[in-house]
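What you see is a predicted model; the values in this text were computed from it and never measured.
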Amino acid sequence: MGTGHFDEEATWARARDGDSSAFAALFDRHRDRVFGQALRLIRTPHDAEDVTAMVFLEAWRRRASVRVVDGSIIAWLLVTTNYVVRNQTRSARRYREALQRIPAPADSDQPDETAEVDDRLDNSTRDAQVRAAFAKLTPNDQDVITLCLLEELPMEQAAAVLKVPVGTVKSRLSRARQRLGAHITDLLEGGRVEGATVLDPAGPATREGGSTNPPADSTTPPTGSTTTSGGAER
């Protein structure tokens with residue numbers, strides 16, 4: 001078992017230049033965290049595996065634009081995971097809506113159970129409702145909660161990958177916690193979900209930073225290939 005230091009920044013530089021073995025090493029290093037974030041947001045391990053594959057496909061396809069923050073690409077991967085899940089969720093919703101517009105066969109004696117099956121999938125566990133609360137947040141709120149609350153990355157790293165000042169991250173996180181708490185409360189009162197603790201709006205204490213008004217929501221993956229250490233682009 002190797003004990004040498006893994007130089008992720010140098011490994012990514014090789015991957016960015018097309019070295020597939022370097023990219024594979026980064027996949028092995030971060031795959032579990034990407035999968036874990038995907039599994040928080042969607043229903044099944046199979047779907048989370050699909051999202052994980054799509055995230056790393058995006059990383060390879062757009063490798064010239066991946067942001068390296070404090071020598072790591074993990075923050076970029078986590079934000080891209082949220083982006084992929086949002087797109088997948090929209091696609092699945094459009095598919096279900098299309099199915100519902102198809103009339104049932106007139107001579108069928110079997111009841112149409114599509115809606116009932118969807119309801120069971122959506123409401124079978126308390127986690128599904130808490131995920132629904134997270135899904136109600138804006139993309140900016142989802143990303144800052146993922147980076148600072150769920151993954152507990154330093155606020156400087158979150159600021160760098162999101163390309164906003166640290167103060168913006170702090171104020172955005174504070175508001176996102178409040179919104180998430182309100183959504184969870186609504187679900188608890190409406191669905192009587194007992195003991196749901198998947199996403200804790202209180203979260204760990206923020207580390208540092210001032211307060212500014214957050215910019216408009218972004219629905220595209222983070223871009224930029226400049227290596228950043230603690231700073232934020234303005």
ask   = What distance separates Ser65 OG from Trp76 CH2, expressed to the nearest 0.5 Å?
value = 8.0 Å
key: Rounded distance [0.5 Å steps], CD in Gln142 versus CG in Leu180   = 10.0 Å
message = On a heavy-atom basis, which atom in Arg16 and which in Arg63 lie closest, and how many Å separate them?
response = O-NE, 3.3 Å
Distance (rounded to the nearest 0.5 Å) between Leu173 CG and Ile145 CD1 = 6.5 Å
ask   = Within the side chain of Arg67, is there an N or O that forms a donor-acceptor pair under 3.5 Å with the backbone of Ala160?
value = yes
message = Walk me through whether Leu153 and Cys148 qualify under side chain to side chain contact (heavy atoms under 4.5 Å, CB included).
response = CA-CA 5 Å; Leu153 296 181; Cys148 297; over 6 Å; no
query = Are Tyr83 and Leu39 connected in the hydrophobic side-chain network, where two residues link if heavy atoms are under 4.5 Å apart?
reply = no
query = When rounded to the nearest 0.5 angstrom, what distance separates OG1 in Thr168 from CE in Met155?
reply = 9.5 Å
ask   = Which of these passes side chain to side chain contact (heavy atoms under 4.5 Å, CB included) with Val84: Val55, Ile42, Thr52, Asp50?
value = Val55
inquiry  = Test of understanding: with side-chain hydrogen bond (donor to acceptor under 3.5 Å, both in side chains), list the residues that count as partners of His30, not counting sequence neighbours.
reply    = Glu8
ask   = Run the side chain to side chain contact (heavy atoms under 4.5 Å, CB included) check on Leu26 and Trp60 step by step: do they pass?
value = CA-CA 11 Å; Leu26 289 163; Trp60 177 257; over 6 Å; no
inquiry  = Measuring from atom OG1 of Thr146 to atom CD of Gln37, what distance do you get when rounded to the nearest 0.5 angstrom?
reply    = 4.0 Å
query = Rounded to the nearest 0.5 Å, what separation is found between the CG atom of Asn140 and the CZ atom of Arg172?
reply = 3.5 Å
note = Residues Ala15 and Ala22: closest non-hydrogen pair is N-CB, 3.8 Å
remark   = Tightest non-hydrogen contact, residues Ala176 and Val144, listed as CB-CG1, 4.0 Å
task = Salt-bridge test for Arg179 and Asp141: reply yes if a basic N is under 4.0 Å from a carboxylate O, no otherwise.
result = yes
key: Least distance between heavy atoms, Leu77 atom then Ala59 atom   = CD2-CB, 4.1 Å
query = What's the shortest heavy-atom distance between Pro45 and Phe35, and which atoms?
reply = O-CE1, 3.6 Å
request  = Going by the side-chain hydrogen bond (donor to acceptor under 3.5 Å, both in side chains) test, name the single residue among Thr81, Asn82, Thr80 that passes it with Asp143.
outcome  = Asn82
Contacts of type salt bridge (charged side-chain N to carboxylate O under 4.0 Å, His left out), residue Asp19, not counting sequence neighbours = Arg14
Which atom of Ala25 lies closest to which atom of Thr11, heavy atoms considered = CB-CG2, 4.4 Å
task = Measure up the Phe23 and Phe56 rings against each other and bin them: parallel (under 30°), tilted (30 to 60°), perpendicular (over 60°).
result = perpendicular
message = Please determine whether a side-chain nitrogen of the Lys or Arg among Arg31 and Glu49 lies less than 4.0 Å from a carboxylate oxygen of the Asp or Glu.
response = yes
request  = Measure from the side-chain N and O atoms of Ser171 to the backbone N and O of Gly167, and report whether any donor-acceptor pair falls under 3.5 Å.
outcome  = yes
message = Which residues pass the salt bridge (charged side-chain N to carboxylate O under 4.0 Å, His left out) test with Glu151, not counting sequence neighbours?
response = Arg33, Arg40
inquiry  = I want to check something: taking the side chain as every heavy atom from C-beta on, are Leu147 and Leu162 in contact at a cut-off of under 4.5 Å?
reply    = yes
message = Can you confirm whether Leu149 sits close enough to Arg177 that some side-chain heavy atom of one is under 4.5 Å from a side-chain heavy atom of the other?
response = yes
